[in-house]
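This structure is a prediction, so every number in the text was calculated from the model and none was measured. Proteins come first, then strands; the chains are lettered A, B, ... in the order of their sequence lines, and each starts at number 1.
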Protein chains: 2
Amino acid sequence: MDAKTLCLGALMHGEASGYEIRKLFEGGPFSAIYDVSYGSIYPALTVLLDKEWATCCVAEQDGRPDKKVYSITSDGRAAFLDALASTPAPDKMRSEMLFILSFGDHLPRANVLNLIDRYIADYEGRLGSIHDCGDDTDLPAVRRFVHNFGITMYETALDYLRTHRADLTEESNLALDSTIAIKNQPAVSGSMQ
Amino acid sequence: MDAKTLCLGALMHGEASGYEIRKLFEGGPFSAIYDVSYGSIYPALTVLLDKEWATCCVAEQDGRPDKKVYSITSDGRAAFLDALASTPAPDKMRSEMLFILSFGDHLPRANVLNLIDRYIADYEGRLGSIHDCGDDTDLPAVRRFVHNFGITMYETALDYLRTHRADLTEESNLALDSTIAIKNQPAVSGSMQ
DNA sequence: CCAGCATATATCGAACCGATACAAACCGTT
DNA sequence: AACGGTTTGTATCGGTTCGATATATGCTGG
């Protein structure tokens, strides 16, 4: 799914600037679904203008810099619905937190617990912003389905982290020297069939 | 988190070929955590050899093509632990499925249900392969923490999809023509503060 | 016997990220 | 009033990564 399609999707919800589109994916209604950066958004918007899938006009604001507001055209809407018809790629997750945590045996236990705490704080923020960005009730059925899916996943993650963090504090006095130990250990061999 | 670090992480579990590393991220123990492609893995392994963070030897197999087996060095292990110490970036999710579903109002209801079915099938497969790739009990505490986190998330997703799919079949006779209708509708404006 | 599949390595162009630069306007503060 | 910090806003660029493709070996089923 390329940045053009993602921008068109954002514009389906109404006209927006590049900055506002980014906010939709960062804390907004798309935050639990997809991620896209400025470096993709601005070039994509230029292409959308080229293809006449969007129009643009400058809006002056008071107390803020001017912004370039983009609107989707009917050609753009058609192209977007066309893109939606393609078979979706499987979900891709990228969690540096979990990756690091999965090597927690080689780290001091205190660092692991600290990491989990920051993980919890991160997801608390996500859950907060997803709640802020819209009310459950005034959404059509399918939108509500996706909205609540995100909330459910976040709440489950938080619940898991909070309850099972305790399991790691119990035995926190044991095996604190594993970090040093690993430096002299050979890689585990033969474990990969 | 660059491909080099991800490969080093894979090699921390034991020696492996490029192909095997990929499998660790696709169906293996890293599948719920991170994703990395061949196009990143093979160049990364070359760099690891350059930096002497890994060694390589060719292994002949019967009934299969030869493979180049990589092992992490002690320098590599040090570099890896060093990389783990950096502050992790927030999780990034990329779900084309959910993105398409979030525009389900513009799609025929039958397509939406079909999408959900394929979503369920996908996550059933993930849950299956994560169960195959290791036993809960023989893992150290922190590894078990991450392992069960993945299982919990997958099970929650499946549970949500299965139960709430029904909500969308109830009213499946209504608003079947929304796909056509949208083509003549202007974009919703003013909804973005 | 041949098509299809799993194993295996490798590359390449297109796409994308993250950091950075720039700028306008606000805020508090010393 | 000058200063630094934050938010809003547009834009680019180097380096990284993806996804598709090419190539090859050998197994298996029809």
Quiz item: Between D:dC18 atom P and B:Phe25 atom CZ, what is the distance in whole Å?
Solution: 10 Å
Quiz item: Atom NZ of A:Lys68 to atom P of D:dT8: distance rounded to whole Å?
Solution: 20 Å
Quiz prompt | d(CZ, B:Arg64; P, D:dC27) in whole Å | solution = 11 Å
Quiz item: Just checking, any donor-acceptor pair under 3.5 angstrom between side chains of B:Asp91 and A:Tyr119?
Solution: yes
Quiz item: Whole Å only: how far is the OH atom of A:Tyr38 from the P atom of C:dA15?
Solution: 23 Å
Quiz item: Which of these nucleotides, D:dT10, D:dT12, C:dT9, is closest to any side-chain atom of B:Lys67?
Solution: C:dT9
Quiz item: With respect to the side chain of A:Ser37, which nucleotide from D:dT10, C:dA10, C:dG18 is positioned closest?
Solution: C:dG18
Exercise. Mind calculating the distance between CE (A:Met1) and P (D:dG19) to the nearest angstrom?
Key: 12 Å
Quiz item: Hey, is the side chain of A:Lys4 poking within less than 4.0 Å of OP1 or OP2 on C:dA15, counting only N and O atoms?
Solution: no
Exercise. Would you please confirm or rule out a distance under 4.0 Å between OP1 or OP2 of C:dT7 and any side-chain N or O of B:Ser17?
Key: no
Quiz item: Hey, does the side chain of A:Gln61 come within less than 4.0 Å of D:dG9's phosphate (OP1/OP2), counting only N and O?
Solution: yes
Exercise. Figure out the OH/P separation between B:Tyr19 and D:dA24, and round it to whole Å.
Key: 18 Å
Exercise. Answer with yes or no after comparing the ring centroid distance for A:Phe30 and A:His13 against a 6.0 Å cut-off, counting only values under it.
Key: yes
Quiz item: Over how many whole Å does the gap from A:Glu60 atom CD to C:dA24 atom P extend?
Solution: 14 Å
Practice problem: Take B:Pro43 and B:Ala89, find for each the nucleotide of DNA chain C with the closest heavy atom, and name the residue whose nucleotide sits nearer the 5' end. | Solution: B:Pro43
Quiz item: C:dA15 phosphate, OP1 or OP2: any side-chain N/O from A:Ser40 under 4.0 angstrom?
Solution: no
Exercise. Nearest whole angstrom, please: distance from the C1' of D:dT16 to the CZ of A:Arg94.
Key: 10 Å
Practice problem: For A:Lys92, report the nucleic acid contact type (base, sugar-phosphate, nothing); a contact means any heavy atom under 4.0 Å. | Solution: sugar-phosphate
Practice problem: Answer yes or no for B:Arg22 and B:Tyr19: cation-pi contact, defined as NZ/CZ to six-membered ring centre under 6.0 Å and angle to ring axis within 45°. | Solution: no
Exercise. Hey, which sits more toward the 5' end of DNA chain D by its nearest nucleotide, B:Pro65 or A:Gly39?
Key: A:Gly39
Practice problem: Select from A:Asp62 and A:Ala3 the residue whose nearest nucleotide in DNA chain C is closer to the 5' end of that strand. | Solution: A:Ala3
Exercise. Ignoring hydrogens and angles, state whether a donor on the side chain of B:Asp2 or B:Thr5 is under 3.5 Å from an acceptor on the partner side chain.
Key: yes
Quiz item: Side-chain donor-acceptor pair under 3.5 Å between B:Ser129 and B:Asp132, yes or no?
Solution: no
